[in-house]
Amino acid sequence: MLAWLGEKDPQKLEKLFREARACAARYVGPKIYFRGIIEFSNQCVKDCYYCGIRKSNQNLKRFTMKEAEILECAKAAYGMGYGSIVLQSGERQDENYACFIENILRKIKDVSSGKIGITLSLGEQGPDTYKRWFKAGAHRYLLRIETSNPALYKRLHPEGHSFEVRKKCLRALREIGYQVGTGVMIGLPFQTYEDLINDIFFFKGEDIDMIGMGPYIPHADTPFAALQRVDPGYDAAENFRLGLVEVALTRLVLKDVNIAAATALQTLDAEGKEKGVLAGANIVMPNITPTDYRGLYQLYDNKPCLDENARKCKNCLDQRIRAIGAEIGYSEWGDSRHFEKKKAPSSF
Ligand code: SAM
Ligand code: SF4
């Protein structure tokens, strides 16, 4: 597997991607599912060295969308036939925030008569908070481990950010009953090909249901961008290639999990999402955040579609996914087959 990460021959890569696409069709079906993502707040108590909305970035106006605005987005997503939405934000662990989310979850369920699926991506929380949100209607949770190498994790984060805590969170989510998603950034400073292979075995070892991973892209106002100026090792094209190979290898090893084609792929290549699907991904996450807020949620430089409204974004993605011959599972949850199989009673 290691050799694939270094493979540059386009014909050989094409063959790998074709195999991964066929594997996806066989194990998770031919459909691609849309999850409308609402990036509703850039307030964050964490200071990850790579992230554009980290606490210490002062060059940024902070915002949190109002409950009514979030509900409007959820209703629009439901109206457009998205089976699910994703609520994502910076991390906050205070009671007001926990309550704010709990209420919104109930209301989203109400406005969609319980029909819209909800994934959360709200960082590390205590088990009680995760339970409250689960009871209020969320059923999937995405928490990237960022890297499965604890030593590398330490280089990516300041004091007070813990690999072990993040791993415990993943396990707590599983215990509670969520479909659990994780993932990594690909092409990070100091990351090796071995790390990327170990990441795939970390997903397997933790019995993960969904994968959301994508290329690392620098943001000018972060310590890591400053690092890049000293050591200009960052290569966008190389990170894009690595991102697709990692998607394909993950599909071939894990087979029946959901894998998202990350927005970061589209940032590096205008056809990044389609190429992610052709390399084995089966989930796409159109941005349905109101355009007024999108510029304030820049995790990395040059994030795409900053001025495209939700409807335009949907039409554009619909055309792009159909153009590669894939079918879209509108108004379906598209849950992880891996998770469903675990729930199904054994035939013996
Ligand atoms: N705060 C929550 C958390 O960290 O889990 C959820 C939101 S956070 C912005 C979502 C993901 O963005 C992170 O898990 C990280 O992998 C990704 N991210 C942050 N900065 C990035 C960068 N510079 N390049 C690519 N992905 C990045
Ligand atoms: Fe905050 Fe998440 Fe960014 Fe880390 S990656 S700074 S937790 S928003």
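Numbering of ligands and ligand atoms starts at 1, following listing order.
Within the structure, the salt bridge (Lys or Arg N to Asp or Glu O under 4.0 Å) test picks out the following pairs touching residues 113-125 (sequence neighbours left out): K46-E124, E124-R166.
By the 4.5 Å heavy-atom criterion applied to side chains, R174 and D209 are counted as neighbours. Residues E39 and L87 form no side-chain contact, since every pair of their non-hydrogen atoms from C-beta on lies 4.5 Å or further apart.
A donor-acceptor contact under 3.5 angstrom links the side chains of N282 and R251, judged on distance only. There is a side-chain donor-acceptor pair under 3.5 Å between T289 and N287. S148 and D199 form a side-chain donor-acceptor contact under 3.5 Å, judged by distance and modelled atom types alone.
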Run through all N or O atoms in ligand 1 and write down each protein N or O closer than 3.5 Å, as a pair with its distance.
unit_1: ligand 1; atom_1: 1 (N); unit_2: S89; atom_2: O; d: 3.2
unit_1: ligand 1; atom_1: 5 (O); unit_2: R166; atom_2: NH2; d: 2.9
unit_1: ligand 1; atom_1: 14 (O); unit_2: E146; atom_2: OE1; d: 3.4
unit_1: ligand 1; atom_1: 14 (O); unit_2: E146; atom_2: OE2; d: 2.6
unit_1: ligand 1; atom_1: 16 (O); unit_2: R144; atom_2: NH1; d: 2.7
unit_1: ligand 1; atom_1: 16 (O); unit_2: E146; atom_2: OE1; d: 2.6
unit_1: ligand 1; atom_1: 23 (N); unit_2: Y50; atom_2: O; d: 3.0
unit_1: ligand 1; atom_1: 23 (N); unit_2: I217; atom_2: O; d: 2.7
unit_1: ligand 1; atom_1: 24 (N); unit_2: I217; atom_2: N; d: 3.1
unit_1: ligand 1; atom_1: 24 (N); unit_2: I217; atom_2: O; d: 3.4

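With waters left out, the protein N, O or S atoms under 2.8 Å from atom 1 (Fe) of ligand 2 add up to 1.
Note that atom 2 (Fe) of ligand 2 has no protein non-hydrogen atoms nearby, at separations under 4.0 angstrom.
The salt bridge (charged side-chain N to carboxylate O under 4.0 Å, His left out) search around D335 returns R140, not counting sequence neighbours.
In this structure, K342 pairs ionically with D207, as a charged nitrogen and a carboxylate oxygen lie closer than 4.0 Å. Salt-bridge annotation for R132 and D128: absent, with no side-chain N of the basic residue lying under 4.0 Å from a carboxylate O of the acidic one.
No chain of hydrophobic side-chain contacts below 4.5 Å, direct or via other Ile, Leu, Val, Met, Phe, Trp or Tyr residues, connects W133 to M210.
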